[in-house]
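Only one structure is covered here, and it is reproduced in the block below.
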2 protein chains.
Amino acid sequence: MLDPEGVTHIYIQLASILRGRIAASPPGTPVASEAELQQEFRIARSTARRAIQVLREDGLVHTIPGDGTFVGPPGQPRHMEYWPAYQRIAAGITERILAGSLLPNRRIPSEKVLMEQYGVAKATARKAVAHLREQGWVFTVPSRGTYVSPQETWPKT
Amino acid sequence: MLDPEGVTHIYIQLASILRGRIAASPPGTPVASEAELQQEFRIARSTARRAIQVLREDGLVHTIPGDGTFVGPPGQPRHMEYWPAYQRIAAGITERILAGSLLPNRRIPSEKVLMEQYGVAKATARKAVAHLREQGWVFTVPSRGTYVSPQETWPKT
DNA sequence: GCTCATTTGTCCGTATGTATC
DNA sequence: TGATACATACGGACAAATGAG
């Protein structure tokens, strides 16, 4: 627990508490958000920020604006448990491509089908497809559909 | 009051009580005689002697054989000016430290509080703290406060 | 496209410490 | 004695990015 009367600055105390939690977490695990820390330890948000800043400067965590702070250096694959929905969907499709159930120059399931299969909104399905396109797994032909790319353009795995 | 069951030796406890009285007395004022202390605190005369010896070794009092013990260094004419305010304040704080009302690694009153409690200027309060710091009673953490040192670094009493 | 919630980024003002002049 | 500077800490406000519907 924090000791407000103690010799050590609050943000330093908090940083060492978080250090303990981080040590028990695999890379990619989300660290408690600033708002959560604020509530849990009854501190100002600026103090929580300061503590996380210390951890970041120590290279123990990395922060993605608008998303959160995660254990380990940036670029680390986040544990699948914490993937956003659109990434999970994209992963499911790449799996089917690699397994051969989706063939090069053949259509992938339409947005509508993806919505039903995964129970998500259209925007989420669109984002999954956009993600696959950016990585080179698929390409889109206007007015016709989205197709699996030739194997040469697949990202190296 | 004295605590016969306490951790601290009786003569140390008595010395800190006397320190407080001395702090409020001008140099040259007679300290209670050994016999008076013996009666007031229900202790052996040897214990009273021992407490006064501590104060003498601290330079807080001097003893004239056959006459008595007096506040301040020897040669001081009695009933002169009061001690410098900062010394009075410092002595008050060391008393609280020795009495256990101010604990190691806990904050001492801030300058602002000392100003109000003793009715002195900020510079005076600062000087008192600086005095304590030089003697090893306290240490200061920037932007956080001044704290009681661990007992190991206290001046020997 | 829009809306919503969550999260981080940034800035402000206030209070409280000490440090310095 | 007073004024100023600096750092921590708190609290609030608003913007920007992200994910999701």
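Any value given below was found using the heavy atoms of this structure, including those in side chains, with hydrogens, waters and symmetry copies removed. All chains are named by letter (A, B, ...) in the order of the sequence lines, taking the proteins before the strands, and each is independently numbered beginning at 1.
Contact annotation: K122(B) side-chain N/O to dG2(D) OP1/OP2 distance is not under 4.0 Å. Note on T69(A): a side-chain N or O is less than 4.0 Å away from OP1 or OP2 of dT8(C). Under 4.0 angstrom from either OP1 or OP2 of dT8(D) there lies at least one side-chain N or O belonging to Y11(A). OP1 and OP2 of dG11(D) both lie 4.0 Å or more from every side-chain N or O belonging to R45(A). Within the 4.0 Å cut-off from OP1 or OP2 of dT8(C), not a single side-chain nitrogen or oxygen of T63(A) is found. An OP1 or OP2 oxygen of dA20(D) is reached within less than 4.0 angstrom by no side-chain nitrogen or oxygen of T124(A). Considering only side-chain N and O atoms, S143(B) lies nowhere under 4.0 angstrom from the phosphate OP1 or OP2 of dT16(C). Taking 4.0 angstrom as the limit, R144(B) places a side-chain polar atom (N or O) nearer than this to OP1 or OP2 of dA9(D).
In the model, Q53(A) has a side-chain atom that pairs as donor or acceptor with a side-chain atom of E57(A) under 3.5 Å.
As a whole-Å value, the separation of I52(A) CD1 from dG9(C) C1' is 12 Å. Nucleotide dA9(D) holds its C1' atom 12 Å from the CG atom of L2(A), rounded to whole Å. Atoms NE2 (H131(A)) and P (dG19(D)) sit 9 Å apart, rounded to a whole Å. Summarising the geometry, the separation between CD1 on I10(A) and P on dC10(D) is reported as 6 Å, rounded to the nearest angstrom. As a whole-Å value, the separation of L14(A) CG from dA9(D) C1' is 13 Å. Here the P atom of nucleotide dG19(D) and the OH atom of Y118(A) are 18 Å apart, to the nearest Å. A straight line from NZ of K127(B) to P of dC21(C) spans 17 Å, rounded to a whole angstrom. Straight-line distance from the CH2 atom of W83(A) to the P atom of dA20(D): 13 Å, rounded to whole Å.
A donor-acceptor pair is defined here as one N or O able to donate and one able to accept, closer than 3.5 Å; no such pair exists between the side chain of R49(B) and the backbone of A44(B). Remark: side-chain polar atoms of R96(A) are not paired, donor with acceptor, to backbone N or O of L102(A) under 3.5 angstrom. Put simply, the side chain of Q135(A) never gets that close to the backbone of P155(A): no donor and acceptor are under 3.5 Å apart.
Under the 4.5 Å side-chain criterion, counting only non-hydrogen atoms from C-beta, I108(A) is in contact with V148(A).
Residue P84(A) is in sugar-phosphate contact alone, with no base atom involved, counting any heavy-atom pair closer than 4.0 Å across all strands shown. Residue R49(A) is classed as a base contact, given a heavy-atom separation below 4.0 Å to a base. The residue A85(A) sits close only to the backbone: its heavy atoms come under 4.0 Å of sugar-phosphate atoms, none of a base. Contact annotation for S46(A): base contact, defined as any heavy-atom pair under 4.0 Å involving a base atom.
Residue order along DNA chain D, read from the 5' end via each residue's closest nucleotide, puts Q38(A) first among Q38(A) and A123(A). Both A121(B) and H9(A) lie close to DNA chain D; mapped to their nearest nucleotides by heavy-atom distance, the more 5′-ward contact belongs to A121(B).
Heavy atoms from other residues, nucleotides or ligands lying under 6.0 Å from CZ of R126(A) number 12 at most.
When each of dT18(C), dG11(D), dT7(C) is scored by its nearest atom to the side-chain atoms of S33(A), the top-ranked nucleotide is dT7(C).
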